[in-house]
Amino acid sequence: MTSLEQAEDLKAFERRLTEYIHCLQPATGRWRMLLIVVSVCTATGAWNWLIDPETQKVSFFTSLWNHPFFTISCITLIGLFFAGIHKRVVAPSIIAARCRTVLAEYNMSCDDTGKLILKPRPHVQ
């Protein structure tokens, strides 16, 4: 394989990697927004639940029943984590990190957008 073909292969690989990471960005942004909204709702509901004087006077389940906003947002947040939202919000970073691991064997790396970084070859003496 000539160096020209190798360069073309590297450019094609880089284009495909950047395209793939770029395509993940909109979905990742939506998952991040959903996580932020549900987290803020849970925090707001928790604050209202904790400052309510009735919370100390009734049983735990009754206090949850009296604060449906907190209960629903908390269940939603737990459900999102069980569904793997923590992986979806960092998916491009996971892909880039795995590519860096593989590319390290070939004296290369990539940034978070998928652009290849060629490292100098080690000098063998």
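All residue numbers in this chain count up from 1 along the given sequence.
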Problem - Close side-chain approach of Leu80 to Val38, heavy-atom, < 4.5 Å - result: yes
Exercise for the section: State, yes or no, whether a side-chain contact exists between Tyr20 and Ile95 at a heavy-atom distance under 4.5 Å. Expected result: yes
Handout entry: Test log, rule side-chain contact (heavy atoms from CB on, under 4.5 Å), inputs Asn107 and Leu118
Key = CA-CA 7 Å; Asn107 292 326; Leu118 301 177; over 6 Å; no
Fill in the blank from the handout: So CG of Leu4 and CD of Gln6: to nearest 0.5 Å the spacing works out to 9.5 Å
Practice task
Please list all pairs passing the side chain to side chain donor-acceptor pair (under 3.5 Å) test where one or both residues lie in residues 23-46, with sequence neighbours left out.
Solution key: none
Problem - Asp52 vs His67, side chain to side chain donor-acceptor pair (under 3.5 Å): CA-CA, chis, key distance, verdict - result: CA-CA 9 Å; Asp52 184 10; His67 295 87; 3.0 Å; yes
Handout entry: side-chain contact (heavy atoms from CB on, under 4.5 Å) partner of Cys74, chosen from Thr76, Ile72, Ile78, Leu77
Key = Ile78
Practice task
Starting at NZ of Lys115, measure out to CD of Glu14 and round the result to the nearest 0.5 Å.
Solution key: 5.0 Å
Handout entry: Hydrophobic cluster (4.5 angstrom, side-chain heavy atoms) - remaining members for Trp49
Key = Leu50, Phe60, Phe61, Leu64, Phe70
List, one per line, each side-chain donor-acceptor pair under 3.5 Å for residues 84-93, sequence neighbours excluded.
{"from": "Arg88", "atom 1": "NH1", "to": "Ala83", "atom 2": "O", "distance (Å)": "2.6"}

Problem - Other ILVMFWY residues reachable from Val37 by side-chain steps of under 4.5 Å - result: none
Completion exercise
To the nearest 0.5 Å, atom CD of Glu54 lies from atom OG1 of Thr62 at 10.5 Å
Exercise for the section: Can you sort out the partners of Glu19 under salt bridge (charged side-chain N to carboxylate O under 4.0 Å, His left out), two or more places apart, ordered by chain and number? Expected result: Arg16
Distance-only donor-acceptor hits, side chain of residues 97-106, under 3.5 Å, sequence neighbours excluded:
{"from": "Arg100", "atom 1": "NE", "to": "Cys110", "atom 2": "O", "distance (Å)": "2.7"}
{"from": "Arg100", "atom 1": "NH2", "to": "Cys110", "atom 2": "O", "distance (Å)": "3.4"}
{"from": "Arg100", "atom 1": "NH2", "to": "Asp112", "atom 2": "OD1", "distance (Å)": "2.6"}
{"from": "Thr101", "atom 1": "OG1", "to": "Ala97", "atom 2": "O", "distance (Å)": "3.0"}

